Enquirer: 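I'd like to ask some things about the structure below.
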Amino acid sequence: GAALDAWRQGKPHQRVETVTPQVEVLDSGWKEGKQLESYQILGPASGDDQNKRFRVKLEFAGGAAEEAVYVVVGKEPIWVFHSRDYQQASGM
């Protein structure tokens, strides 16, 4: 939630340092300037590895919405990836 809260508050796409442990985030939509109006964590999602995944409903400025899956990796810092960006970063 800390990463999505930072996005919703209009903060730049960068490390979230206001929480412990700190959170690194990779979401190309955020990085490209989409404005997040609200989000709702829908629950866990399954995957093909040991990483935690969560389904999230995202609502953007202008009325657009999407259901996304976020992958959570690591401990210090915690990495939070939108699933499309995780697949790119991991070469899958």
Side-chain angles (χ1 to χ4, degrees):
L4 293 172
D5 285 340
W7 185 5
R8 185 175 44 81
Q9 294 165 6
K11 294 183 179 174
H13 183 266
Q14 63 187 23
R15 179 181 284 206
V16 179
E17 298 179 337
T18 57
V19 294
T20 302
Q22 294 179 356
V23 177
E24 291 282 357
V25 61
L26 182 57
D27 186 306
S28 56
W30 183 3
K31 192 172 185 179
E32 292 166 4
K34 279 189 176 179
Q35 294 179 316
L36 183 65
E37 291 286 325
S38 66
Y39 70 91
Q40 178 182 4
I41 298 173
L42 302 173
S46 60
D48 59 356
D49 56 31
Q50 299 300 313
N51 296 316
K52 293 181 182 177
R53 288 173 168 73
F54 297 93
R55 292 181 310 112
V56 180
K57 181 178 180 183
L58 305 171
E59 295 183 5
F60 301 101
E66 73 176 71
E67 189 172 308
V69 172
Y70 283 88
V71 182
V72 179
V73 179
K75 292 183 181 179
E76 289 190 32
I78 294 172
W79 283 84
V80 177
F81 295 87
H82 189 292
S83 59
R84 69 174 167 251
D85 301 308
Y86 178 75
Q87 289 173 348
Q88 262 190 340
S90 64
M92 299 176 83

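Keep in mind it's a predicted model, so treat the numbers as computed, not measured.
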Enquirer: Show every ring-ring contact (aromatic ring centres under 6.0 Å, His included) that has at least one partner inside residues 35-64, sequence neighbours left out.
Expert: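 Residue pairs passing ring-ring contact (aromatic ring centres under 6.0 Å, His included), neighbours aside: W7-F60.
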
Enquirer: Give a yes or no on whether Q22 atom CD has more than 12 heavy-atom contacts from other residues, nucleotides or ligands under 6.0 Å away.
Expert: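 Check passes, neighbour count above 12.
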
Enquirer: May I have the step-by-step check of side chain to side chain contact (heavy atoms under 4.5 Å, CB included) for L36 and L4, ending in yes or no?
Expert: CA-CA 8 Å; L36 183 65; L4 293 172; 4.3 Å; yes

Enquirer: Roughly how far, to the nearest 0.5 Å, is the CD1 atom of I78 from the NZ atom of K52?
Expert: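 The NZ atom of K52 sits 8.5 Å away from the CD1 atom of I78.
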
Enquirer: Going from NE2 on H13 to CD on E32, what distance comes out if it is rounded to the nearest 0.5 angstrom?
Expert: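 Result: 9.5 Å between the selected atoms.
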
Enquirer: Kindly work out whether a path of hydrophobic side-chain contacts (I/L/V/M/F/W/Y, heavy atoms less than 4.5 Å apart) joins V16 to L26.
Expert: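 Per the 4.5 Å side-chain linkage, V16 and L26 are not co-clustered.
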
Enquirer: A45 and V69: which non-hydrogen atoms are nearest, and at how many Å?
Expert: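 So the two residues come closest at CB-CG1, 4.1 Å.
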
Enquirer: Which heavy atom of S83 sits nearest to which heavy atom of V71, and what is that distance?
Expert: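 Scanning both residues, the minimum pair turns out to be CA-CG2, 4.3 Å.
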
Enquirer: Would you say P77 and R15 make side-chain contact, with heavy atoms under 4.5 Å?
Expert: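 Counting from C-beta outward, P77 and R15 do come under 4.5 Å.
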
Enquirer: Holding to ring pair (Phe, Tyr, Trp, His ring centres under 6.0 Å), I want the full list of residues that pass it with F81, two or more places apart in sequence or in another chain.
Expert: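 Applying ring pair (Phe, Tyr, Trp, His ring centres under 6.0 Å) to F81 gives W79, Y86.
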
Enquirer: Output every pair passing salt bridge (charged side-chain N to carboxylate O under 4.0 Å, His left out) with a member in residues 65-77, not counting sequence neighbours, ordered by first then second residue.
Expert: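 Residue pairs with at least one partner in residues 65-77: K34-E66, R55-E67, E66-R84.
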
Enquirer: So, for V19 and A2, which heavy atoms are closest and what is the spacing to 0.1 Å?
Expert: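 Here V19 and A2 meet closest at CG1-CB, 3.9 Å.
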
Enquirer: Look only at the side chain of D27 and the backbone of H82, and say whether a donor-acceptor pair between them is shorter than 3.5 Å.
Expert: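 Flag not set: sc D27 to bb H82 has no pair under 3.5 Å.
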
Enquirer: In the single-linkage hydrophobic clustering (I, L, V, M, F, W, Y; side-chain heavy atoms under 4.5 Å), do I41 and L58 co-cluster?
Expert: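 Hydrophobic grouping puts I41 with L58.
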
Enquirer: Output the distance between atom NZ (K31) and atom CD (Q14), rounded to the nearest 0.5 Å.
Expert: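 So the gap between those two atoms works out to 12.0 Å.
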
Enquirer: Would you compute the distance between atom CD of E59 and atom CD of E37 and round it to the nearest 0.5 angstrom?
Expert: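 With rounding to 0.5 Å, CD (E59) is 9.0 Å from CD (E37).
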
